[in-house]
Amino acid sequence: MSITYLEAIREAQARALAEDPRVFIYGQDVGAFGGAFKATKNLAQEFPGRVIDAPISEDAIVGAAIGAAVEGMRPIIEMQFADFSTPGFNQIVNHAATLYWRTQVPCPITIRLPSGGTSGSGPFHSQSMETLYAHYPGLIVMTPATVEDAYSMLLEAVALDDPVIFCEHKLLYNHLKAESLPTEAVPVGKARLARPGRDMTIVAYSAMVHEALAVADELASEGTEVEIVDLRSIKPLDTDTVMASVARTGRLLCVGESWPWGGVTAEVVSRVACEGFGLLDAPPQRLNAKDTPVPYHPNLWAAHRPTARSIAAAARRLLRI
Amino acid sequence: MSITYLEAIREAQARALAEDPRVFIYGQDVGAFGGAFKATKNLAQEFPGRVIDAPISEDAIVGAAIGAAVEGMRPIIEMQFADFSTPGFNQIVNHAATLYWRTQVPCPITIRLPSGGTSGSGPFHSQSMETLYAHYPGLIVMTPATVEDAYSMLLEAVALDDPVIFCEHKLLYNHLKAESLPTEAVPVGKARLARPGRDMTIVAYSAMVHEALAVADELASEGTEVEIVDLRSIKPLDTDTVMASVARTGRLLCVGESWPWGGVTAEVVSRVACEGFGLLDAPPQRLNAKDTPVPYHPNLWAAHRPTARSIAAAARRLLRI
Amino acid sequence: MLLARTLDEKFASLYRAGKIHGGVFLGRGQEALSVAVGLNLRKGDVFAPLIRDQAGRLAFGETLLDAARTYLGSALGPMRGRDGNVHRGRPREGYLPMISHLGAMIAVVNGTLLARRFKGVLRTVGATCIGEGATSTGSFHEAINQAAVEKLPLVLVIANNQYAYSTPSSRQFACTSLADRASGYGVDAHSVDGTELAACLSVLAEAVERAREGHGPQMVVARLLRLCGHGEHDDASYVDPRLKASPLGRDCLKVAEQNLLSRQWADAVTIEGWRCEAVHKVEEAVATALREPTPDPYKENWCALASKHLVETHPEV
Amino acid sequence: MLLARTLDEKFASLYRAGKIHGGVFLGRGQEALSVAVGLNLRKGDVFAPLIRDQAGRLAFGETLLDAARTYLGSALGPMRGRDGNVHRGRPREGYLPMISHLGAMIAVVNGTLLARRFKGVLRTVGATCIGEGATSTGSFHEAINQAAVEKLPLVLVIANNQYAYSTPSSRQFACTSLADRASGYGVDAHSVDGTELAACLSVLAEAVERAREGHGPQMVVARLLRLCGHGEHDDASYVDPRLKASPLGRDCLKVAEQNLLSRQWADAVTIEGWRCEAVHKVEEAVATALREPTPDPYKENWCALASKHLVETHPEV
Ligand SMILES: Cc1ncc(C[n+]2csc(CCOP(=O)(O)OP(=O)(O)O)c2C)c(N)n1
Ligand SMILES: Cc1ncc(C[n+]2csc(CCOP(=O)(O)OP(=O)(O)O)c2C)c(N)n1
Ligand SMILES: [Mg+2]
Ligand SMILES: [Mg+2]
């Protein structure tokens, strides 16, 4: 048996629905149709009345989820694309994220964002929005890079008492496969050592973990051992694991698929610079997408985001310093 | 004669309206009423038909500004509070910010955001949203800290061919005064040395510049000379001026009023760490607001944001390292 | 509504005395409408009031002390000084605390009603109030349409008080009456003169009843005039004097009193007694709140997550 | 509309052949409505089409080459490979390129009309199209209300094609007809059978004319059925067969042809000739676009600002 990242997301939702009567799913085309990416395939049939098609009203979708959560439900919201969460942005950051702090009443909603670039998708179906949501207090932001994490973190997202932004990468949906679903998992908030190495640390998350792993393979054949830290969740961000890795390697390259101003790479690098300055044998480095919208054409798209190639170049440069 | 930060904003708009027939102002209560903060006082009377009251429709307000800009106008949008730009977020980041890149047709709109915390305003009338807008490609983000900059940068914002997010700090509106309006100005994109010093650099922007200046006074009396860099615009961010200062002082503390995850302090610190690692004699440091919504009560509010007191403590600690 | 007016006036005078941090927003002229909403709801119903709903809040069961504590920043209030003035509620009791972004509460009420449907809780309704200005928000539209599609027992009360801050209705919408919007959503509409308590009570009773009986969302549109500034910082000098002189400009409280007197349901002495009682209660609540501790930043846990183990710690200074 | 259908079909076959990156979205069944919009606009008017408006685009003056270049990612197209498929336009010519976020174009059209009013340019109109699903967005509401308040010459064309992706209209709104929304905004409403070209032409002519004459926003609601998947990746197996069999399910192109034939305005041979000509033109445009260079990332300036001097440079790797 083999299971994809996308199937893992479906299975996690099926299990959450089966085990917890408080769970329901709400989003555009998630019902009988099974969702734009089929992440809710057959769930409406298996759980009648609990997987609900929404109008094209992201603000009201999130708003209703908040109200349901106040009443003790645990809604899972699917945005059709991460990019379309902007009309729901206000309810997410100003309502869901502030509710617990203001009232001590938890707001357990999970918002699934099909994220990240795929070739030919263009500026409005490719965005990585984790930075925006991580900036606001009151939200947890998960960025699973593996089939196992897609499954176990989504279950944990639903179980947590806080609003969770669940960034699932569209490029991994069907390409990434595992043998089976995990039976146990690293808890949310802990990063994962995706590959041990002693010469430098690459910190990555979501799809970029796989680009980084390819680089590690490549550099290994040249005798360089790259350690890869998969952040898993970017808020909370597991600074300890990052720091421990940098303590071993002395060199840090942080890679993100989002835009260069601010974001995960800025946060990771500045934490290490502030709190682990003495661990660094060389200046830390960042690699991000370019500072333009995500281009439509595959030629441009491939050059816009970091890839194994550009990561390898950055890694080699860092090793030379 | 003496002029406040708020009056400077009004005067800049009056001048823009007078000098350029393409300029108009659109926003809630900006007309006869003169705006919630009186930043457009008398402008509707002085420029009949060019200062227009909008319905409570931030999405449509920004949308209309984009359309007008396409037709060659230069709209100035007032959001009643920065916090209320969230319903207009989508049009700003996905439409205004992408238009030039997609079509080569410029989108010259200025969006004024009355920003930042004031005592007793609470979670929804206190936000600093510069980080969000700086993350997206295609926007310029200005954060004036002085009366002179409020005036000259707003004029430059209107003159620029790109969408500008103009973050004006509400706390400075009436407190900050200057003798007169400037006749020349540092161009946008350049930071300003707000105070020279040799022992450490504090990088700040907007209202935090004044907290930092107070700290510099305090430490000067103890014999420590703090250099203060006022970023003026956070995108573009003048890395050169920051780097030159750190080259002189060897020590960097970056202060921001926004939340701790990501943001200006992360961007500044990580740029210095990546590109100016060798200039640092001690780990760089950041100081941000706490990671909760902005509290209503003055007691909590004063402890939530960085103040001269907490900045001084951070500066002293950094000097001891 | 007398109690609400008395409390509002107390807040206004505390504001003038510099005793209140931030803004003060009154319901002056809107008490009849607001109280009619609160009175027609039952325990178990959901209520999401807005800035001018002191009367509805009290009628729904808010205590004077909750209101005073929030306005005065007592650490013991429901918002513990984290949020203030009209931004208060007790979600566990079906009393939702507004966020400032106009239009945002409607969909949240929808969500509570959806949850009840899931849980099989029947015959509860959710009511929320909004000004005519906020009908221009996208949130308003998405939420009422959502309620209509789900046929939720939502009562959406629109107070057309002629102004949104300084903006007259003519700059806010171009339809004859906002009630004309109802058919475009497929929901029921009710119009009412918001200066007449009796009319408000009966129209709200009908709207709430119809929602409870399963007839789907009910939109109530009331005509009235805001008899105060937008907030107490605003002198409202822009309000058209003709509107003030028109029937819309009548004070619903005075109208109600006149009614009581003319129908001889109460005499002047009784009413004066009620007034004294209201003042007394309000003074008591305010005095209590004023004596109470304000929030202590050193005791504050600065923690926005319920999952305490996932809170990030930032280097202390 | 024949040309649009032919072009759409070409794109569909290129998609099946794996020659197109990303999605392909057809206007099948909506050509009569769409072409009626384009044909009733003049040079100087503004048009913001949506995903199913190939016919309207061509009628408004888009060249086949612009369409082919954008779908095929030619570096010479109006979007130069930065954006693709239906996301194309030439703002300088009043032809606005849609962003994907539904509802966002309406307010932008309003803005162009406001600008013309400022500039004293009279008697131009702005038209934009939208699906019934997108009427549920807050953007739709804010923008049509804005147009009504400003009394702008906006023509808002709603194609109720019964589905938004897989979602039937019953899950999208609860009113009888979307035209019932018009009175709630104070705008004129026009309803039309979208399968009948002649009806579309005359209704759009009237709506555009009324807007041009200063009667404010005009809402046109057309009934029809999407005769394809949401995109070419979608087999639309969820579409109710009864709808397909109903008058809504008629193919507007076939209906128009039948009409021509039965009225003897054209015979089968003539129509076949038109078809051949359309195929020829489409093949030519596609062949040209296919021969052209694709964008070169090394020549790309990666610059999102018009103010080149303010572009941030990031350390090169
Ligand atoms: C989305 C949003 N934009 C702007 C504001 C600022 N604002 C607060 S109250 C108000 C006027 C509200 O008018 P209306 O809805 O008529 O209510 P009223 O004050 O008349 O009761 C405005 C513009 C806001 N709270 N939310
Ligand atoms: C704000 C927003 N949410 C979701 C989407 C995803 N989406 C693209 S097209 C579509 C369905 C549109 O349906 P309708 O408006 O009826 O137009 P049609 O496709 O039927 O022509 C959806 C949900 C989007 N583009 N924008
Ligand atoms: Mg009002
Ligand atoms: Mg449709």
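This is a predicted model, so every value here is computed, not measured. Throughout, protein chains are lettered first and strands after them, A, B, ... in sequence-line order, and every chain is numbered starting at 1.
- Ion pair A/R286/B/E275 not flagged as a salt bridge, since none of the NZ, NE, NH1 or NH2 atoms sits closer than 4.0 Å to an Asp/Glu carboxylate oxygen.
- No part of A/D59 comes within reach of chain B, as not one of its non-hydrogen atoms sits under 4.5 angstrom from that chain.
- The minimum heavy-atom distance linking A/T98 with B/P293 is given by the pair CG2-CG, 3.8 Å.
- With a 4.5 Å cut-off on non-hydrogen atoms, A/V268 does not touch chain B at all.
- In this structure, NE2 on B/H95 lies 7.0 Å from CZ on A/F124, to the nearest 0.5 angstrom.
- The candidate from A/L280, A/T265, A/V93, A/L252 with the greatest count of non-hydrogen atom pairs under 4.5 Å with chain B is A/L280.
- Here the closest heavy-atom approach between residue A/P283 and residue B/C274 is recorded as CB-O, 3.5 Å.
- Of all non-hydrogen atoms in B/P123 and A/W101, the two that sit nearest each other are CG-CZ3, 4.2 Å.
- B/L237 touches chain A through its side chain: at least one heavy atom from C-beta onward sits under 4.5 Å away, while N, CA, C and O do not.
- Neither the backbone nor the side chain of B/F84 comes within less than 4.5 Å of any heavy atom of chain A.
- A/F277 and B/P284 get closest at one heavy-atom pair: CD1-CD, 3.8 Å.
- Interface remark: of the candidates B/G278, B/G262, B/G276, B/A134, B/A134 forms the most heavy-atom pairs closer than 4.5 Å to chain A.
- Note that OG of A/S258 is 8.0 Å distant from OH of B/Y136, once rounded to the nearest 0.5 Å.
- The shortest non-hydrogen separation linking B/V269 to A/A273 is CG1-CB, 4.3 Å.
- Proximity of the aromatic rings of B/W261 and A/H135 is defined here by a centroid distance below 6.0 angstrom, and this criterion is not met.
- Ranked by heavy-atom pairs under 4.5 Å with chain B, the list A/P137, A/G88, A/S85 is led by A/P137.
- With a 4.5 Å cut-off on side-chain heavy atoms, A/Q127 and B/N94 count as touching.
- Closest heavy-atom contact between A/A266 and B/E267: CB-OE1, 3.7 Å.
- In this structure, chain B has heavy atoms under 4.5 Å from both the backbone and the side chain of A/P295.
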Practice task
Let me see the working for A/K235 and B/D291 under side chain to side chain contact (heavy atoms under 4.5 Å, CB included), right down to the final yes or no.
Solution key: CA-CA 11 Å; A/K235 190 168 186 185; B/D291 200 22; 3.0 Å; yes

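- Between chain B and the options A/L132, A/V264, A/V272, heavy-atom pairs under 4.5 Å are most frequent for A/L132.
- Most heavy-atom pairs under 4.5 Å with chain B: of the set A/G138, A/G263, A/P87, this distinction falls to A/G263.
- The CG atom of B/D83 sits 9.5 Å away from atom CG of A/N90, with the distance rounded to the nearest 0.5 Å.
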